[in-house]
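In what follows, a structure is listed as structure tokens, so that the remarks can point back to it.
Here is the naming used below: chain letters follow the sequence lines, and residue numbers restart at 1 for every chain. All heavy atoms count here, side chains included; hydrogens, waters and symmetry mates do not.
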Amino acid sequence: MAAKNDTALEIGGESFTSRLMVGTGKYKTNQEMVDAIAASGAQIVTVAVRRVDLDRSKDEAILHHLDPKKLFLLANTAGCYTTEDAIRYARLGREAGFNDFIKLEVIGDQDTLLPDTVGLIEATKTLAAEGFKVMAYTNDDLLTALKLEDAGCAAVMPLASPIGSGLGLLNPYNIRTIKSRLSLPVIVDAGVGTASDACITMEQGVDGILMNTAIAEADDPVAMGRAMGLAVEAGRCAYLAGRMPRREIAIPSSPTRGMLG
Amino acid sequence: MTDLITIQINGDDRAVSAHMTLLELVKSLDLDERGVVVELNREIIRKPRLSETRIKGGDRVELVHFVGGG
């Protein structure tokens with residue numbers, strides 16, 4: 001349920017019901033994944049493109065567990081370290097999937113999984129020209145975000161902190177700056193660890209959050225899925241409500257007049 | 001006896017019957033063609049073309065699908 005004065009999330013001409021997007025990796029079982037997604041209320045779910053394991057293909061195929069009529073499947077290019085690979089995976093993902101959307105990752109460094117922003121911009125130009133709706137995973141860097149917008153992205157996805165780190169939103173200022181300067185949707189992708197991180201991130205005014213590990217690696221992923229759904233909604237409502245100013249002095253909440261003499 | 005040729009499937013060399021179509025190859029691996037995307041020598045072969053595209057020795061075939069990911 002969105003706040004009263006909220007509008008639907010629109011990306012690339014599609015309208016979405018939830019501002020939370022979730023990944024489908026790292027779950028112990030497929031059933032746990034399905035239940036956690038349902039508890040989160042997420043509509044957009046990401047999937048990866050990989051070789052079929054010819055010895056035991058039936059276990060891995062995720063489409064047996066996700067209903068594309070109910071969920072919007074967003075293919076990613078995770079694991080790609082070059083522009084060429086990312087473009088190849090994006091094309092395969094479009095062929096395997098149900099839409100023109102791609103979560104574009106061009107990874108630049110194995111230890112941090114930080115994006116290769118130069119390769120990312122190049123890949124975005126190529127894919128946008130091929131009709132892809134590119135959602136680009138990027139640094140929390142304003143200049144890169146602006147260049148991605150120029151390159152033809154459908155949404156820009158700056159990180160909160162490195163993928164799978166659970167460190168939360170490390171630079172709220174950068175995220176707010178990106179949001180204030182872009183006309184495209186800004187979806188924070190990666191780094192959220194728990195519900196408060198999601199809430200604080202949404203309070204910056206961004207359009208949505210994508211997360212995977214925070215839910216999948218929780219002790220109880222279904223309960224964490226629900227927590228994240230509530231946190232994203234709470235953060236969005238709080239942003240729209242407009243917070244009180246911070247003050248370094250106390251101001252009483254109860255009347256100072258009418259005290260007993 | 002069927003002639004055999006060697007092709008690469010998902011990075012591994014495999015001996016398969018010569019003159020097979022890609023659709024026959026996919027089915028011979030016990031896969032449902034609706035759930036896989038076929039790339040032949042780096043070119044995506046769309047579903048309608050699987051039954052009209054024949055493999056030849058040295059071809060590199062990639063069979064991919066969606067798995068869990070973030």
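Interface remark: B:V64 contributes backbone and side-chain atoms alike to the contact with chain A (heavy atom separation under 4.5 Å). Looking at B:R34, neither its backbone nor its side chain comes within 4.5 Å of chain A, counting heavy atoms on both sides.
Contact annotation: the side chain of A:L54 approaches that of B:L63 to within less than 4.5 Å [non-hydrogen atoms, C-beta and beyond]. Residues B:H65 and A:R51 fail the side-chain proximity criterion, which asks for heavy atoms closer than 4.5 Å.
Annotation: B:E52, atom CD; neighbour count of heavy atoms from other residues, nucleotides and ligands within 6.0 Å is above 12. Counting heavy-atom neighbours within 6.0 Å of A:R88 CZ, excluding the residue itself, gives a total above 12.
B:F66 contributes atom CZ, which lies 10.0 Å from atom CD1 of A:I62 (distance to the nearest 0.5 angstrom).
Taking non-hydrogen atoms and a 4.5 Å limit, the residue list of residues 66-86 of chain A in contact with chain B, ordered by number, reads A:A75, A:N76. The stretch residues 89-108 of chain A places A:R91, A:L92, A:G93, A:E95, A:A96, A:G97, A:K103, A:E105 near chain B, each with some heavy atom under 4.5 Å from a heavy atom of that chain.
Applying the ring pair (Phe, Tyr, Trp, His ring centres under 6.0 Å) test to pairs two or more places apart or on separate chains, none has a residue in residues 15-58 of chain B.
Between chain B and the options A:A216, A:A48, A:G164, A:A190, heavy-atom pairs under 4.5 Å are most frequent for A:A48.
Evaluation of the salt bridge (charged side-chain N to carboxylate O under 4.0 Å, His left out) rule for B:K56 yields B:D59 as partners, not counting sequence neighbours.
Using a distance-only test at 3.5 Å, with no hydrogens or angles considered, a donor-acceptor pair links the side chain of B:N10 to the main chain of A:V52.
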